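Take a look at the structure below.
Predicted, not measured: the structure shown is a model, and the values here were computed from it.
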Amino acid sequence: MNGGEGEHPEQKPETGARAEKPLSWYVGVPICTNPMFVLDVLVAAGALWIGGMLFVMLGQATIGSGLTRPSIFAAFFLGMYLAGAALAAFVFVGGFLFGNRYASLYRIGEAGIFCEHMRGGRIRPIAKPFIPLAGYAVEPVRDPVRSIARRIHWPDVRSLQIVEKMRTILVKGKRGTLLKIYCPDAALLAKAEAALRKHMTV
């Protein structure tokens, strides 16, 4: 959805007898140099490679002339082509279209975990390493070109996984990871973990 259409935390403050100021921050997130993204893409590319090979080999064995050395080689190269296409698409979209970055806004409060991923607009790093591997601090993003917002409610949160080297918190639900929370520094990572655990026990 467009940047101005989604829910924005500044437009809907939390209310209630026990309402307190939520913990919120902006963070820049690398894409092509993000080890967590790269690992996910490599796993997907491997699945495409194996799946493509098995599909062609199964077709040859059932409705074709049977498995032969040329058909096995063809299946191998088709799988390799699919995996290579997936990797090339990742590099093109993440590196060229997104400029190897997008910005996220996180808010942890009594109503749940709010997250808005934004691209375009003016993403201005406050302190960005030459080759970013983890989240880094950025100025508040105004008028993004596109944004996607979502909210995770506390009853859906089952556990947390802290990846300290990446300054990332994986919010786990009943069926896997619900959300990745990126933090620009270790101090904010500790505050975010404490806030999450506090609301999980309420």
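Counting only heavy atoms from C-beta outward, the side chains of I181 and W25 approach each other to under 4.5 Å. Taking 4.5 Å as the limit, every side-chain heavy atom of P30 sits out of range of all side-chain heavy atoms of F37. Under the 4.5 Å side-chain criterion, counting only non-hydrogen atoms from C-beta, S71 is not in contact with V56. Between V138 and M118 the shortest side-chain heavy-atom distance does not fall below 4.5 Å. Contact of the I113 side chain with the W154 side chain is registered, since non-hydrogen atoms from C-beta on lie closer than 4.5 Å. Side chains of L105 and V141 form no contact here, defined as non-hydrogen atoms less than 4.5 Å apart. Counting heavy atoms from C-beta on, the side chains of M200 and L160 come closer than 4.5 Å. Residues L87 and F90 fail the side-chain proximity criterion, which asks for heavy atoms closer than 4.5 Å.
Atom CG of L179 and atom CG of L196 lie 9.0 Å apart (nearest 0.5 Å). Note: I169 CD1 to R197 CZ = 8.0 Å, rounded to the nearest 0.5 Å. The CG atom of L82 sits 12.5 Å away from the CD1 atom of I50 when rounded to the nearest 0.5 Å. Rounded to the nearest 0.5 Å, atoms CG (D156) and NZ (K174) are 10.5 Å apart. Annotation: the span from I108 atom CD1 to I152 atom CD1 amounts to 12.0 Å, rounded to 0.5 Å. Rounded to the nearest 0.5 angstrom, C32 SG and I131 CD1 are separated by 12.5 Å.
A donor-acceptor pair is defined here as one N or O able to donate and one able to accept, closer than 3.5 Å; such a pair exists between the side chain of R101 and the backbone of I123. Proximity of a side-chain donor or acceptor of S104 to a complementary backbone N or O of V27 within less than 3.5 Å is not detected. Side chain of R167 to main chain of P184: a donor-acceptor pair is present (N/O by atom type, distance under 3.5 Å, no hydrogens or angles).
Using a 30° and 60° split on the angle between ring planes, Y102 and H117 fall in the perpendicular class, above 60°.
The distance between the ring centers of W49 and Y81 does not fall below 6.0 angstrom.
More than 12 heavy atoms of other residues, nucleotides or ligands sit less than 6.0 Å from atom NZ of K172.
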*Under the side chain to side chain contact (heavy atoms under 4.5 Å, CB included) rule, what do F55 and L78 come out as? Steps first, then yes or no, please.*
CA-CA 10 Å; F55 179 78; L78 174 62; 5.6 Å; no

